[in-house]
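A quick write-up on the structure given underneath.
Indexing begins at 1, ligand by ligand and atom by atom, following the structure's order.
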Amino acid sequence: MSTVLEVTGLAKRFGDLEVLHDIEFALNEAESLAILGPSGCGKTTLLRILLGLEPADAGSFSPILDRAGYLPQGSLLFPWKRVIENIELPMQLQGMTREGRRSKIRSHLPIFGLEGFDSSYPFELSGGMRQRVALLRAVMAGARTLILDEPFGALDIVTRHRLQDWLAGVIEQLACSVIFVTHDLEEAVVLSHRVLVLSERPASILGHLKSELSSRDRVDRMSPKFLQTRNALVDLIVSKESHA
Ligand code: ADP
Ligand code: MG
């Protein structure tokens, strides 16, 4: 199994505010890694550093994720552009031909449940559909790595569950490498093969948990196996935070 990304000794502060402390982890090819941490601990900052949007104070990471698809937190679509125009924007910046872009996008529309909506405007779509458009844009922009910042945070719980289940399937199907950050324990279990747990700010690594769940078990939120994994995460957080 090859490594897509290796992070060592990453540290970051904004003035007097220490945000990241000695962050180390690796991402494997075709692995989905959840980074779970409380709000405000430094998750978005970590992703922005990995993407080269923010400098780190110390540490290294390699190789740089220069061809990653990024879904920023609360990402927005351009309201005056149609679905297909929103999705193709990063491909346009990469210099792909119109024909190449559109045929690639059209072949992915069914997986993303957007078939027949390519000419719609964002306001004509539901919140869940808009988020699937933003995800498809990230997938189309990136080669093999997806970086997602709290992908479903703004949605109601029913839509969020439905989209989590769907994305879990898409991750398996696309076999791409994924890093996503979340403060939601269940989302971490549903969408990942491994969970990296961060402390309160300054974020340091409390530990990580490799999921033993099959892709089917991961979306069965009430099954004993699911609850066992979820509880193991809670234990990890409670036992480590109490020693901090
Ligand atoms: P999370 O995504 O885990 O909620 P963030 O990474 O967005 O957390 O923020 C971590 C901390 O760093 C917060 O206290 C936030 O206010 C602070 N912060 C984030 N970006 C900046 C910045 N550009 N300048 C100063 N402080 C920042
Ligand atoms: Mg954030």
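For atom 15 (C) of ligand 1, the nearest protein heavy atom lies 4.0 Å or farther away.
Crowding of Glu115 atom CD: a count of heavy atoms from other residues, nucleotides or ligands under 6.0 Å not exceeding 12. Applying the 6.0 Å contact sphere to NE2 of His193 captures more than 12 heavy atoms from other residues, nucleotides or ligands. Applying the 6.0 Å contact sphere to CZ of Phe25 captures more than 12 heavy atoms from other residues, nucleotides or ligands.
In plain terms, the two heavy atoms of Arg194 and Leu27 that are nearest each other are NH2-CA, 4.4 Å. Counting all heavy atoms, side chain and backbone alike, Ser192 lies closest to Phe180 at CB-CE2, 4.0 Å.
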Would you sort out whether Asp57 and Arg13 count as a salt bridge (Lys or Arg N to Asp or Glu O under 4.0 Å), showing the intermediate values?
-> CA-CA 7 Å; Asp57 297 334; Arg13 52 170 61 243; 5.3 Å; no

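Not a single donor-acceptor pair under 3.5 Å links the side chain of His183 to the backbone N or O of Pro38. A donor-acceptor pair is defined here as one N or O able to donate and one able to accept, closer than 3.5 Å; such a pair exists between the side chain of Ser32 and the backbone of Leu191.
Taking 2.8 Å as the threshold, Gln73 counts as a candidate ligand of the Mg ion (ligand 2), since one of its N, O or S atoms lies below it. Taking backbone and side-chain atoms together, Thr45 has no N/O/S atom less than 2.8 Å away from the Mg ion (ligand 2).
At the shortest separation from atom 11 (C) of ligand 1 among protein heavy atoms lies Gly40 O, 3.8 Å. Remark: minimum distance from atom 23 (N) of ligand 1 to any protein heavy atom is reached at Phe14 CE2, 3.6 Å. For atom 8 (O) of ligand 1, the closest non-hydrogen atom of the protein is Gly42 N, 3.3 Å. Looking at atom 5 (P) of ligand 1, its nearest protein heavy atom turns out to be Thr45 OG1, 3.7 Å. Looking from atom 7 (O) of ligand 1 to the surrounding protein, the closest heavy atom is Thr44 CB, 3.6 Å.
Remark: ligand 1 and Leu17 share no N or O pair separated by less than 3.5 Å (distance only, no angle test). Between Glu54 and ligand 1, no pair of N/O atoms sits closer than 3.5 Å. Ligand 1 has an N or O atom lying under 3.5 Å from an N or O atom of Lys43, backbone or side chain.
Contacts with ligand 1 closer than 4.0 Å are made by no heavy atom of His183, backbone or side chain.
The distance from ligand 1 to the heavy atoms of Ser39 drops below 4.0 Å at these ligand atoms: 4 (O).
Of the listed options Ile49, Asp149, Val19, Ile35, Val19 places a heavy atom closest to atom 12 (O) of ligand 1.
If you look at Tyr121 and Trp80, their ring centroids are not closer than 6.0 Å.
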